[in-house]
Amino acid sequence: MRRRGLLSTAAITALLLSALPTGPASATFAGHNGRIAFTIHGHADITTMNPDGSGKQTLSSFIAGSSVEYPRYSPDGTRIVFDASDPTNHPTSSYDIYSMTSTGAHMKRLTTDTSSYDDWGGSFSPNGRKIAFISDRGGNFDVWTMNADGTNPQQVTTTANAEYTSWSPDGHWILFDSDLSGTSEIYRVQPDGSHQKALTSLPFTGSNADWSPNGNLITFSGSKTGGASNVWVMNADGTHRHQVTTGTSNDYNTVWSPDGNWIAFDRTPFGSKGVRLIMKVRADGTGLDPLTGTSSNNADPGWQPT
């Protein structure tokens with residue numbers, strides 16, 4: 001299985017407010033928005049920038065022919081987990097899971113199998129001690145977990161055709177994509193592999209999901225009846241879906257800001273070739289703002305908690 005490949009504003013705002021908890025939120029993050037990490041396709045780099053798009057800084061640099069994807073921060077914002085294809089480091093595998101500090105130091109390859117398995121799409125558990133990821137080492141692309149240092153890998157799903165992961169703030173669930181139904185849908189499963197459930201279903205498709213910091217909402221890339229993929233938000237149980245972005249551009253790789261007010265994503269403008277830009281938008285659809293230029297090929301945003 002290969003990777004990547006309307007309500008009124010007032011009504012959406014009311015819906016979001018009604019879904020927020022009345023007591024203290026059990027948030028994974030500290031609630032302050034740090035830098036945004038993203039990838040530069042064709043350069044095999046991870047770059048970070050301020051939330052307004054300024055202050056870009058390259059953290060990693062792999063050799064030509066490598067590929068780097070899906071940077072995700074640890075709950076305390078001090079580390080980044082990502083996947084990379086590095087022919088010099090692991091020539092028999094397409095992708096492995098790596099980690100490094102938020103400044104690009106102490107890079108370490110966490111998956112060390114010697115076969116041609118792919119390991120990718122990682123995310124930290126709320127306490128930072130575990131990483132969920134996707135691997136085909138069991139014969140199919142399934143959800144796995146391991147310790148944050150790469151030890152003790154454990155298979156979570158079986159025959160899931162899974163893509164990407166996002167751990168719920170309370171640690172009870174892991175989100176993933178799967179095309180088990182014949183098209184990409186959002187699923188959740190407990191870390192022990194129990195209570196797997198589809199949260200979207202035809203004629204609706206979904207992918208690239210991420211939990212809100214308070215755990216009540218999920219943002220994802222969604223499409224109805226084969227149209228453009230836009231940013232959507234739904235309750236954590238899959239109910240009350242509403243569309244955040246519109247238009248013919250394809251929006252992917254959604255991720256919440258640590259304060260829960262913004263969603264970052266990458267956009268491929270309709271009809272463009274080799275162009276993907278990082279965008280952000282408020283959860284009610286307002287404040288849409290491009291953070292990288294239209295001449296770039298940037299993707300896979302991850303937002304740092306501080």
Side-chain angles (χ1 to χ4, degrees), residues 3-4 29 32-91 93-111 118-124 128 131 133 148 150 164 208 210 251-258 262-269 272-280 289-306:
R3 290 172 285 177
R4 299 184 292 267
F29 301 149
H32 299 289
N33 299 337
R35 293 173 67 81
I36 296 173
F38 61 98
T39 60
I40 302 177
H41 282 228
H43 294 277
D45 294 331
I46 291 178
T47 298
T48 65
M49 62 183 170
N50 295 322
D52 62 1
S54 66
K56 293 180 177 65
Q57 179 182 4
T58 299
L59 300 187
S60 66
S61 181
F62 287 81
I63 67 166
S66 301
S67 180
V68 178
E69 296 183 342
Y70 204 67
R72 288 293 182 268
Y73 283 93
S74 61
D76 62 5
T78 63
R79 298 197 63 82
I80 298 173
V81 64
F82 62 99
D83 49 87
S85 169
D86 180 4
T88 61
N89 196 5
H90 199 177
S93 179
S94 294
Y95 286 92
D96 283 298
I97 304 292
Y98 290 73
S99 72
M100 63 182 174
T101 70
S102 59
T103 61
H106 305 296
M107 186 182 298
K108 179 183 178 182
R109 181 162 57 94
L110 300 180
T111 52
D118 280 334
D119 303 312
W120 44 272
S123 62
F124 281 97
I131 293 172
F133 65 104
Y164 308 103
N208 310 127
D210 188 51
D251 301 333
Y252 294 109
N253 299 309
T254 58
V255 62
W256 288 97
S257 64
W262 293 88
I263 299 167
F265 60 97
D266 62 66
R267 167 170 286 184
T268 302
S272 68
K273 294 182 179 180
V275 174
R276 296 170 79 180
L277 57 155
I278 306 298
M279 310 280 293
K280 69 177 181 181
D289 186 20
L291 302 180
T292 59
T294 56
S295 62
S296 61
N297 190 359
N298 307 140
D300 306 331
W303 212 317
Q304 180 188 29
T306 59

Heavy atoms, side chains only, cut-off 4.5 Å: are [X] and [Y] in contact?
| X | Y | value |
| --- | --- | --- |
| Ile131 | Arg72 | no |
| Asn298 | Arg276 | no |
| Phe38 | Asp300 | no |
| Thr48 | Tyr73 | yes |
| Asn50 | Arg35 | yes |
| Thr292 | Lys56 | yes |
| Met100 | Ile46 | yes |
| Phe265 | Asn253 | no |

Of all the heavy-atom pairs spanning [X] and [Y], show the shortest one and how long it is.
| X | Y | result |
| --- | --- | --- |
| Gly122 | Val81 | O-CG1, 3.9 Å |
| Gly77 | Ser102 | O-CB, 3.4 Å |
| Pro305 | Ser74 | CG-O, 3.6 Å |
| Leu291 | Met49 | CB-CE, 3.6 Å |
| Ile80 | Phe124 | C-CE1, 4.4 Å |
| Tyr70 | Tyr164 | CE1-CD2, 3.5 Å |

Please answer whether the main-chain N or O of [Y] pairs with a side-chain N or O of [X] as donor and acceptor at a distance below 3.5 Å.
| X | Y | value |
| --- | --- | --- |
| Asp289 | Lys280 | no |
| Asn208 | Thr254 | no |
| Trp120 | Ala84 | no |
| Trp256 | Asp210 | yes |

Drop me the distance from [X]'s [atom1] to [Y]'s [atom2], to the nearest 0.5 angstrom.
| X | Y | atom1 | atom2 | result |
| --- | --- | --- | --- | --- |
| Gln57 | Thr47 | CD | OG1 | 9.0 Å |
| Asp52 | Asn33 | CG | CG | 11.5 Å |
| Asp45 | Ser67 | CG | OG | 11.0 Å |
| Gln304 | Arg79 | CD | CZ | 13.0 Å |

So Thr78 and Asp76, side-chain hydrogen bond (donor to acceptor under 3.5 Å, both in side chains) or not? Walk me through it.
CA-CA 6 Å; Thr78 63; Asp76 62 5; 2.8 Å; yes
Residues in side chain to side chain contact (heavy atoms under 4.5 Å, CB included) contact with Pro269, at least two apart in sequence or another chain:
Ser249, Arg267, Ser272, Val275, Leu277
Run the side-chain hydrogen bond (donor to acceptor under 3.5 Å, both in side chains) check on Asp96 and Thr111 step by step: do they pass?
CA-CA 6 Å; Asp96 283 298; Thr111 52; 2.9 Å; yes
Going by the angle between their ring planes, with limits at 30° and 60°, are Tyr98 and Phe82 parallel, tilted or perpendicular?
parallel
